[in-house]
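Below, chain A is the first sequence line, B the second, and so on; all start at residue 1.
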Amino acid sequence: MTGPSSPTATPVGELIVDWYASAARDLPWRTPEVAPWAVLVSEVMLQQTPVARVEPVWRVWTARWPTPADLAAEPAAEVIRAWGKLGYPRRALRLREAAIAITERHGGVVPSDVAELEALPGVGTYTARAVACFGYGRRQPVVDTNVRRVVARLVHGRAEAGNARAADLADIAALAPEDDERAVRFSVAVMELGALVCVAGTPRCGACPVRDRCAWRLAGAPPHDGPPRRVQKFAGTDRQVRGRLLDVLRAAREPVDAAALEPAWDDAVQRSRCLYSLLTDGLVEQTEDGLFTLPG
DNA sequence: TAGTCGTGGAG
DNA sequence: TCTCCAAGACT
């Protein structure tokens, strides 16, 4: 008997790695000579941010700050400006803080150890393993939103992934090829499968290398049963107001007074609350004479 | 653990 | 137009 779960069948991990060889996108941070530092920069930029928007900014950053020490020496204001409109600008601040930590505590060399990576500002479970795996070629389970969705369907037969769980790492590790080099390739390949084929909307199962082994399809592609995940509002939220305020300050070459920030948002209460939160986050600084500016 | 933190393209 | 959502981290 040679069913889908037959021991003689090619493991799904191997199928996914083979698929990746022909389907992978040609992304600049995937070229072999890219330094772990540049990989770290790419991973932080890619947090919650589409590839197309990251690519041009990443090219500028890696050319301008080719090592952690280069970024560490830069004033925060320049880093925030260079972040442009990638969104979640606290990431820029944390990346600079990580560069400083790498310079001071690791002799300017990005650590390859997952625990040491996770100790860096802005580097969590995902990013630490991504750097160890893609930057240093270490065998590491790497779980992002794409991987969780692939595993939810392929392994658990569910239409959508739930929240991140500790078991996610073991789930994907169980599918990885035995060979270390292929396991590294597998980590990026599963992400790519989730990004290109096993997508959040309507999955392109016709293009999937493991469609015949997918628990979700074998179960008849049942719809999502759990609670609908709520999508974040944006219009009118503090996030929008903070973005507007920062937009004004990025454009200004000199510190500005409070009046200069009024056009950013009408509601004075919300405007000042958001300005205060930006000060708290260290994204904005107040000068001695009470003017506002990006932090030096 | 659920809420917060930007931005803009796609369907 | 409006909803969804894109390689998370942090609190």
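Atom CG in A/Asp168 sits about 13 Å away from atom C1' in C/dG8, given to the nearest Å. Atom pair A/Leu95:CG and C/dC10:P shows a separation of 12 Å (rounding to whole Å applied). Whole-Å rounding puts the A/Arg91 CZ to C/dA6 P distance at 15 Å. As rounded to whole Å, 9 Å separates atom P of C/dA7 from atom CG of A/Leu46. For the pair A/Tyr126 OH and C/dC10 C1', the computed distance is 18 Å after rounding to whole Å. Distance, A/Asp144 CG to C/dC5 C1': 14 Å, rounded to whole Å. In this structure, A/Leu120 places its CG atom 10 Å from P of C/dC10, rounding to the nearest Å. Atom CE of A/Met191 is separated from atom C1' of C/dA6 by 11 Å (rounded to the nearest Å).
Using a 4.0 Å heavy-atom criterion, one finds that A/Leu278 contacts no nucleic acid atom at all. Residue contacts shown for A/Val123 are limited to sugar-phosphate atoms, with no base heavy atom under 4.0 Å away. Counting any heavy atom pair closer than 4.0 Å across all strands shown, A/Arg273 reaches no nucleic acid atom. A/Thr125 comes within 4.0 angstrom of sugar-phosphate atoms only, judged by non-hydrogen atoms across all strands, and of no base. Counting any heavy atom pair closer than 4.0 Å across all strands shown, A/Arg229 reaches sugar-phosphate atoms only and no base atom. Residue contacts for A/Arg30: at a heavy-atom cut-off of 4.0 Å it reaches a base atom on one of the strands shown. Using a 4.0 Å heavy-atom criterion, one finds that A/Thr237 contacts no nucleic acid atom at all. Within the 4.0 angstrom heavy-atom criterion, base atoms lie near A/Gly87. Note on A/Leu86: a base of the nucleic acid sits closer than 4.0 angstrom, heavy atoms only. Contacts of A/Arg53 with the nucleic acid, taken as non-hydrogen atoms under 4.0 Å apart, include base atoms. Within the 4.0 angstrom heavy-atom criterion, no nucleotide atom of any strand lies near A/Ala130. At a threshold of 4.0 angstrom between heavy atoms, the contacts of A/Trp29 include nucleobase atoms, whether or not backbone atoms are also involved.
Looking at A/Glu43 and A/Arg129, no side-chain N of the basic residue comes within less than 4.0 Å of a carboxylate O on the acidic one, giving no salt bridge. Ion pairing between A/Arg64 and A/Glu78 holds under the 4.0 Å rule for side-chain N and carboxylate O. A salt bridge does not link A/Glu160 to A/Arg149: none of the charged side-chain nitrogens sits closer than 4.0 Å to a carboxylate oxygen.
Around CD of A/Glu74, the count of heavy atoms belonging to other residues, nucleotides or ligands within 6.0 Å exceeds 12. Within a 6.0 Å radius of CZ in A/Phe234, other residues, nucleotides and ligands contribute more than 12 heavy atoms.
Between A/Trp61 and A/Trp83, the distance separating the two ring centers is shorter than 6.0 angstrom.
Comparing A/Lys85 and A/Arg230, the nucleotide of DNA chain B nearest to each residue sits closer to the 5' end for A/Arg230. Each of A/Val51 and A/Arg94 was matched to the nucleotide of DNA chain C holding its nearest heavy atom; the match closer to the 5' end belongs to A/Val51. Taking for each of A/Asn163 and A/Asp238 the nucleotide of DNA chain B with the nearest heavy atom, the 5'-most of the two is the partner of A/Asn163.
Put simply, the side chain of A/Asp168 gets close to the backbone of A/Arg165: a donor and an acceptor are under 3.5 Å apart. Judged purely by atom type and a 3.5 angstrom limit, A/Arg213 has no side-chain atom pairing as donor or acceptor with the backbone of A/Leu154.
In this model, the phosphate group of C/dA9 is approached by a side-chain N or O of A/Thr127 to a distance below 4.0 Å at OP1 or OP2. For the pair A/Gln48 and C/dG8, the criterion of a side-chain N or O lying under 4.0 Å from OP1 or OP2 is met.
Note that the first and last nucleotides of DNA chain B, 5' to 3', having any atom under 4.0 angstrom from a heavy atom of chain A are B/dG3 to B/dG8.
Atom P of C/dA9 sits at a distance of 23 Å from the matching atom of B/dG8, rounded to the whole Å. Separating the C1' atom of B/dT1 from that of C/dT11 is a span of 10 Å, rounded to the nearest Å. Spacing between B/dT4 and C/dA7 at atom P, rounded to whole Å, works out to 23 Å.
Distances were taken from every side-chain heavy atom of A/Tyr88 (C-beta onward) to each of C/dG8, C/dA7, C/dC5; the shortest belongs to C/dG8.
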A/Arg244 vs A/Asp247, salt bridge (Lys or Arg N to Asp or Glu O under 4.0 Å): CA-CA, chis, key distance, verdict: CA-CA 5 Å; A/Arg244 293 272 193 88; A/Asp247 222 11; over 6 Å; no

